[in-house]
Amino acid sequence: MDAKSQKDHLKAYGITYWSLDRGQKVQWLLNYKGGSFLIPDSEKLRKECTIRGVSYEVISNAKANSILESIESPSVNQESVTLEKAPRIAVYTPDGNAPWDDAVTLVLTYAEIPYDKVYDKEVLNDELLLYDWLHLHHEDFTGQYGKFYRAYRATPWYIEEKKQAENLATSLGFDKVSKSKLAVAQKIRDYVVGGGFMFAMCSATDSFDIALSAYLTDICEPMFDGDASEPGYQNKLDFGQTFAFKDYTLVKDPNTYEFSSIDMTEKRNIPKEKDYFTLMDFSAKWDPIPSMLNQNHTAIVKGFMGQTTSFEPSQIKSNVLILGENKVNGEARYIHGIKGKGFFTFYGGHDPEDYQHRVGDPKTELELHPTSPGYRLILNNILFPAAEKEKQKT
């Protein structure tokens, strides 16, 4: 899985998932040649790699044992982690065609990794218990419809999405979309606390925490829910409810395309050609979790923007790990934490191979980016729940 040897890093994850799904355990060799996968050889496996265009090397048992012995040496920052079974994957996303694409569903489809779609009804009916891993699609859990009001309130897709959201909330027994979304966010919180794995990108990251913190107050303006927001709602936020963020200030203006001070999109002062973030280096033996999440063939990843591009470090809780950061701009791009018995990862930006993805832009064709480091980070999170539990020392 290093830069020179692997032709299609993304589909290689699909091969690993394919093997796990057939009952075959896989060794993930952390920090060895870009985080390589060691899989027992078979004719079917070779054929599948060839069909999918994945580079592989056949080695003897003696060489495999030699590699594993070298990895065990205390002098090298490497580790072998056993992946036991294919995780059951759910993507929280509405039906229909949204005017934007989702990086996770794009890469899952490209890597040929199966997933199910769930939305509010399924979440409220506790169907998340059927899954090991949940991704939150580009979503606004605050009931403010992505704060697209100023630019898109007269467009057919915005009007239709608002209508559908209101009808769904009513059918589920809620008088406001903000209340139904809060209930969904709290169910997702319970899923993670109970041992689930949650991954979110772009606006699903901060809007999720904001919704949890605003459970006692109305932060929506009249154009969103039909009545005024509650006076002094900023002082009624409960940061003890959140996963990752604290001490943020909400953006009240409905015409401003921003939720809060968590996001640093408007504070960024870095040209596109210099916009990169660095993956942090962890001890593979003592911190296998962040090491798994950061496996890549490069430590430098191209930056990319979104409604929520990056996170203000001063507003990240002290028990949350920063996995990737842009030091020049002083921002966190990729963070991870523990909540109860479960785990969460927040990844800033919308599409790792589309620098400034806008509403209505065509989707990214991953056939053109088979070695994308930014997309590899997503796939690391998908395999993370497959890891043997006793190996997770963090």
Side-chain angles (χ1 to χ4, degrees), residues 10-11 13-14 16-18 20-21 85-141 146 161 164-165 168 172 180-181 183-192 194-209 211 243 293 306-308 334 336 339 342-354 357 363-364 366 372 374-386:
L10 306 184
K11 283 189 179 292
Y13 285 86
T16 301
Y17 190 97
W18 178 87
L20 292 169
D21 199 36
K85 66 173 184 176
R88 295 160 296 178
I89 298 170
V91 174
Y92 174 82
T93 183
D95 290 329
N97 296 317
W100 53 77
D101 293 293
D102 174 56
V104 174
T105 53
L106 286 178
V107 77
L108 286 171
T109 301
Y110 178 76
E112 301 179 55
I113 295 175
Y115 65 91
D116 294 331
K117 292 182 179 181
V118 298
Y119 205 49
D120 293 354
K121 182 178 179 181
E122 290 79 11
V123 172
L124 294 175
N125 285 338
D126 291 321
E127 291 184 26
L128 291 184
L129 297 176
L130 301 173
Y131 300 96
D132 303 300
W133 192 89
L134 171 69
H135 165 57
L136 306 183
H137 180 76
H138 185 90
E139 185 68 39
D140 175 8
F141 289 94
E161 280 210 347
Q164 289 180 358
L168 178 58
L172 294 172
S180 66
K181 290 299 180 186
V184 168
Q186 290 173 330
K187 280 286 188 180
I188 294 172
R189 173 200 62 196
D190 295 344
Y191 161 77
V192 176
F197 299 78
M198 184 187 80
F199 179 83
M201 289 185 70
C202 201
S203 62
T205 59
D206 50 354
S207 73
F208 178 79
D209 263 12
F243 277 33
L293 298 179
Q307 182 174 14
T308 302
Y334 181 46
H336 174 74
K339 190 70 173 179
F343 303 84
F344 65 90
T345 304
F346 290 167
Y347 191 13
H350 189 86
D351 186 326
E353 293 298 337
D354 186 343
H357 191 90
K363 71 175 184 178
T364 296
L366 285 179
S372 170
Y375 270 98
R376 271 199 72 176
L377 297 180
I378 297 173
L379 294 172
N380 287 341
N381 282 269
I382 287 167
L383 288 186
F384 170 51

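The structure presented is a predicted model; accordingly, all values stated were derived computationally and were not measured.
- Between E353 and S372, the side chains place a donor N or O and an acceptor N or O closer than 3.5 Å (distance only, hydrogens not considered).
- Between the side chain of D132 and the backbone N or O of R88, at least one donor-acceptor pair lies under 3.5 Å.
- Between the Q307 side chain and the G146 main chain, a donor and an acceptor come within less than 3.5 Å of each other.
- I188 has its side chain within reach of L128: a pair of non-hydrogen atoms, C-beta onward, lies under 4.5 Å apart.
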Q: Take V91 and L108, measure what side-chain contact (heavy atoms from CB on, under 4.5 Å) needs, and give me the verdict at the end.
A: CA-CA 10 Å; V91 174; L108 286 171; 4.1 Å; yes
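- Here the side chains of D102 and T93 are not in contact, with every heavy-atom distance at 4.5 Å or above.
- Note that the OH atom of Y131 and the CG atom of D116 stand 3.5 Å from one another [nearest 0.5 Å].
- Side-chain atoms of Y191 and D126 include no donor-acceptor pair closer than 3.5 Å.
- If you take CH2 on W133 and CE on M198, they are separated by 10.5 Å, rounding to the nearest 0.5 Å.
- Ring planes of F344 and F243: tilted class, angle from 30 to 60°.
- Between the CG atom in L168 and the CG atom in D120 there is a gap of 5.0 Å [rounded to 0.5 Å].
- At distances below 3.5 Å, not a single donor-acceptor pair connects side-chain atoms of H350 with backbone N or O atoms of S203.
- Counting heavy atoms from C-beta on, the side chains of L10 and R376 come closer than 4.5 Å.
- Smallest separation of non-hydrogen atoms from G374 and Y347: O-OH, 2.9 Å.
- In this structure, NE2 on H138 lies 8.0 Å from OG1 on T308, to the nearest 0.5 angstrom.
- Residues F199 and I382 are not in side-chain contact: their nearest non-hydrogen atoms beyond the backbone lie 4.5 Å or more apart.
- In this structure, the ring-ring contact (aromatic ring centres under 6.0 Å, His included) partners of Y13, at least two apart in sequence or on a different chain, are F37.
- Counting heavy atoms from C-beta outward, E139 and Y119 have side chains that approach closer than 4.5 Å.
- Between Y334 and N381, the closest side-chain pair of non-hydrogen atoms falls below 4.5 Å.
- Closest approach of L293 and L377 over heavy atoms only: O-CD2, 3.6 Å.
- In plain terms, the two heavy atoms of S207 and F141 that are nearest each other are OG-N, 3.2 Å.
- Proximity of a side-chain donor or acceptor of D21 to a complementary backbone N or O of Y17 within less than 3.5 Å is not detected.
- Side-chain contact between Y115 and H135: absent, with no pair of heavy atoms (C-beta onward) separated by less than 4.5 Å.
- Relative ring orientation between F384 and H336 is described as perpendicular, the plane-to-plane angle rising above 60° on a 0-90° scale split at 30° and 60°.
- Side chains of L379 and V107 form a contact here, defined as non-hydrogen atoms less than 4.5 Å apart.
- Taking CG of D351 as the reference point, atom CG of L366 lies at 7.5 Å (rounded to 0.5 Å).
- The minimum heavy-atom distance between P352 and I378, with the atom names listed, is CG-CD1, 4.5 Å.
- Judged by distance alone, with hydrogens and angles left aside, the side-chain atoms of K11 form a donor-acceptor pair with the main-chain N or O of Y110 at under 3.5 Å.
- Note that NZ of K187 and CG of L124 are 7.0 Å apart. Values are rounded to the nearest 0.5 Å.
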(Q) Assess the residue pair V123 and L134 against the criterion (side-chain contact (heavy atoms from CB on, under 4.5 Å)); give the C-alpha distance rounded to whole Å, side-chain angles, the decisive distance to 0.1 Å, and a yes or no. (A) CA-CA 11 Å; V123 172; L134 171 69; 5.9 Å; no
